[in-house]
Structures are given as C-alpha cells and as structure tokens.
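Numbering of ligands and ligand atoms starts at 1, following listing order. Fair warning: this is a prediction, and the values are worked out from it, not measured in the lab.
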Amino acid sequence: MLKAYRYRLYPTEEQTAFLNRQFGSVRYVYNWALALASTTYQTQGNGVTRFQLDKRLTALKQELPWLHEVASQPLQQALVHLDKAFTRFFREKKGYPRFKSKRGTQSATYPQGVKIHWENGVLYLPKAGWIRAVFSRRFQGKVKTVTVSRVPSGKFFASVLVEDESQVPDAVPETRECAVGGDLGLHDFVVLSTGEKYGHPQWLESELYRLKILQRRFAKTVKGSKNRAKIRRQIARLHEQVANRRQDFLHKLSTDLLRRFDTVCIEDLNVAGMVRNHTLARRIAQSGWAEFRRQLEYKAQWHGKHVRVIGRFAPSSRLCVCGYYNHDLPLTDRQWDCPTCGRHHDRDVLAANNIKRFAFVEHDTGRDTPGEPGERPPVDERRKP
Ligand SMILES: [Zn+2]
C-alpha cells in the first residue's frame with residue numbers, strides 16, 4: 001500500500017534561499033506550461049501532450065539559463081502535475097487548472113535522487129544538499145516521490161510517499177448491526193445513529209475570534225509595509241494551528257469510528273449548495289467534512305472496512321421510520337413527534353439513522369435513495385445551529 005510520511009525540515013539560510021529559487025522555478029514552469037496549454041485549448045480545442053510540453057521545456061531551458069541552476073526533475077514533475085490537472089478537468093469534469101500563486105504553499109516534487117540518513121537526521125535533495133530534518137517516524141519500503149514544501153507561515157516540510165509492499169486486507173463482511181450512520185453538521189460536527197454527538201472542537205471559536213481581530217488589523221496596514229508582512233505571518237501561523245488541531249481531532253474520530261464499526265455511512269455533502277456561504281466557520285466546517293471523509297475512506301481500506309456515501313438529497317431529518325414525511329418541520333425545531341406512529345425524534349439522530357438506512361437500501365437494491373428528492377433545503381440553510 002502507498003503511505004505518506006511528513007517530516008519537518010530545517011534548511012540553513014543558504015538552503016532556504018536555494019529552495020525558494022527551486023519553488024519559484026517550478027511555479028514558473030507550471031504557469032508557463034498552463035499558459036501554453038490554454039492558448040492551444042482556446043485556439044484548437046484540445047490540450048497539449050506531455051511529450052510536446054517536455055520538448056518545449058528543453059527549448060525553454062536554453063532560453064532561460066537560470067532554470068539550470070535548480071534541480072531539473074521537479075521542473076519536469078510540474079508538467080506531470082499539470083497533465084494530471086488537465087486529465088481531471090477533461091475526464092472528471094473538475095475545475096480548469098489554475099495558475100500557481102506566489103502566495104500560499106510552495107512546493108517541488110522529486111521523483112528520485114532524494115536520500116535519507118535516519119541516524120544523522122538529514123535528508124538529501126539534489127542541488128540543495130543535506131538538510132537537517134526531524135524524523136518522527138521511520139518507514140520501510142520504496143520511496144515513490146518526495147515533495148518538499150514551504151507553508152505560508154514559513155516552515156519547510158518533506159512529504160515522502162512510500163510503497164511499503166503490504167497487502168490490502170480482505171474486507172470484513174458488512175452487516176447493518178455493525179454499521180453506523182453519521183450526520184455531518186454545523187451545530188455538531190457529526191451526530192451518530194447511536195445517538196452520540198461530537199461537537200466541533202471547542203477551541204475553534206476562540207481561534208476564529210483571534211483570526212478576525214488579526215484580519216481586521218491586516219486590512220488597516222499599508223501595502224508593502226513590514227507590519228503587513230508581520231501580520232500576514234501571524235495569520236498564517238494561526239491558520240496552521242487551527243489546521244493541525246483539526247487534523248488531530250479528525251484522526252482520532254475517524255480511527256475511533258472504524259475501530260468500533262465495520263461500516264460508516266455518511267452523506268455526500270451538497271458542495272454546490274455550500275459554497276454560496278462564505279463565512280469562515282462554514283468554510284472550515286466544510287473542509288473538515290471533506291477531510292473527514294478522505295480519512296475514513298483510506299483508513300477503511302487499510303483495515304478492510306467500509307464507507308458508504310449516499311446521494312445528496314435524502315430528506316433524512318424529516319422522514320420517520322414509519323414512512324411519514326414531516327413537510328412542515330421548521331429549521332429551528334430540533335425535535336419532533338411523529339403524528340402517525342407517535343415516535344419521538346431528535347432530528348440529527350434521525351438523520352443519522354436514515355443515512356444508515358438509505359446507505360443499505362442503495363447498496364442492496366441499486367436504487368437511489370427513497371424519499372422525496374428536492375424537498376430538502378440546501379445544506380447551508382438546513383444546518384443553522
Ligand atoms: Zn412515524
């Protein structure tokens with residue numbers, strides 16, 4: 001199986017300057033190739049092949065000698081990345097590739113030539129030399145690629161993708177008894193069909209408050225000033241802290257769920273409905289759900305377990321087990337009683353149970369979820385705390 005390991009790097013000043021040049025060159029080549037491919041796409045209606053781009057890159061390097069000063073493989077790798085981005089655009093109908101910005105995380109990917117010396121705590125990068133690194137965990141297996149990056153707060157990392165030759169375990173059989181449904185929301189991060197509720201981490205609110213203050217301060221600074229750069233770094237550091245603690249929370253939760261259950265059923269979030277809302281809290285929640293799903297899926301694969309994702313518009317918090325559909329349930333009502341069968345419902349727990357139910361119906365019958373599609377308001381309106 002492929003596994004990724006991430007290590008912090010501590011380059012010297014000289015190495016930092018070099019890596020920054022390396023990132024700049026990778027970004028330059030990527031943007032140059034994207035511009036070239038876009039022109040071709042606009043004028044001829046098709047993309048440019050990797051082969052063509054490789055040939056053009058050789059010519060470009062003769063025009064721009066400074067491209068020779070950095071390692072060449074990450075430059076070629078930039079073309080591989082662009083090629084993948086175009087494949088996603090053409091085949092999977094994902095967004096059109098975007099230009100890489102100077103701001104944000106910078107990176108360079110090395111397909112080979114990287115060496116690791118565990119005992120000395122150093123990592124070798126072509127043309128940059130041995131860089132001090134902290135190896136939190138060792139791995140065994142074959143290195144596929146190494147991606148070196150600089151995050152907005154200024155820290156450097158190396159992500160090592162390793163093929164460890166281990167086999168994917170046989171999947172355990174699925175039963176409704178060993179399955180759990182999870183309803184993702186803004187009020188609670190996830191509510192389980194067992195009735196358990198996992199709130200959003202408590203620290204989130206105070207960090208968001210600090211972030212707002214910093215952003216307000218940032219808006220008042222003069223462009224290009226030292227103070228502006230300083231506050232930008234502070235904001236980046238805070239974002240990083242939020243991201244790290246969130247990762248921690250999500251890892252614990254996803255591991256715990258897959259340890260307890262064989263199948264985890266969640267909803268495919270209505271992403272299109274979500275992006276209309278731009279508040280920070282929602283953006284963070286939304287990316288949290290996406291990351292949660294990603295973690296569940298790869299961890300399920302590691303352990304031979306299952307994740308079932310159901311379609312978007314299942315009317316899950318309004319549909320009673322008896323079949324009664326509560327059309328008039330206001331968003332503010334967190335609980336309701338079924339007039340037909342008398343059952344009492346907590347709407348989030350009901351939603352989680354319906355997600356589990358639908359996940360098995362979809363799976364068993366191959367049919368789409370029952371209920372009344374389209375009846376459901378978009379997620380952002382629905383999840384108001
Ligand atoms: Zn009922």
Side-chain angles (χ1 to χ4, degrees), residues 172-200 253-254 256-258 260-274 277 282 285-286 288-289 292-293 296 300 305-385:
V172 297
E174 287 187 273
T175 59
R176 277 169 206 245
E177 290 68 41
C178 295
V180 70
D183 183 44
L184 302 168
L186 273 179
H187 190 66
D188 287 299
F189 180 81
V190 63
V191 174
L192 301 183
S193 51
T194 54
E196 291 158 273
K197 297 184 177 184
Y198 292 84
H200 286 274
L253 189 58
S254 56
D256 184 49
L257 287 185
L258 286 165
R260 288 170 57 201
F261 303 98
D262 291 343
T263 305
V264 179
C265 312
I266 50 169
E267 221 180 346
D268 188 3
L269 289 157
N270 181 356
V271 178
M274 292 295 301
N277 199 302
R282 276 156 209 254
Q286 191 187 350
W289 299 328
F292 182 57
R293 176 177 169 181
L296 281 175
K305 302 223 168 165
H306 312 269
V307 176
R308 289 188 179 186
V309 180
I310 66 158
R312 292 171 188 172
F313 296 111
S316 41
S317 64
R318 293 157 181 259
L319 184 69
C320 181
V321 211
C322 72
Y324 175 78
Y325 184 76
N326 191 343
H327 282 278
D328 309 317
L329 185 67
L331 289 168
T332 45
D333 283 10
R334 306 312 303 170
Q335 318 222 333
W336 60 282
D337 290 303
C338 177
T340 311
C341 71
R343 281 188 182 87
H344 179 74
H345 295 301
D346 170 309
R347 67 186 294 164
D348 296 327
V349 177
L350 177 62
N353 273 293
N354 278 332
I355 286 167
K356 175 178 162 181
R357 200 150 63 91
F358 295 161
F360 276 85
V361 172
E362 263 191 7
H363 184 267
D364 297 345
T365 62
R367 269 193 298 120
D368 230 0
T369 47
E372 304 183 30
E375 285 289 333
R376 202 173 202 209
V379 181
D380 49 355
E381 286 163 34
R382 191 154 53 91
R383 311 279 181 179
K384 273 193 192 129

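- Between the CG atom of L192 and the CG atom of D348 there is a distance of 11.0 Å, given to the nearest 0.5 Å.
- Judged by distance alone, the side chain of R318 and the main-chain N or O of H327 form a donor-acceptor pair under 3.5 Å.
- Evaluation of the side chain to side chain contact (heavy atoms under 4.5 Å, CB included) rule for L350 yields W336, H345, N354 as partners, not counting sequence neighbours.
- Within the protein, the N, O or S atoms lying under 2.8 Å from the Zn ion (ligand 1) are C320 SG, C322 SG, C338 SG, C341 SG.
- Nearest approach of K356 to S193, heavy atoms of both residues: CD-OG, 4.1 Å.
- In plain terms, the two heavy atoms of T263 and E174 that are nearest each other are OG1-OE2, 3.0 Å.
- Between the NE2 atom in H306 and the OG1 atom in T175 there is a gap of 9.0 Å [rounded to 0.5 Å].
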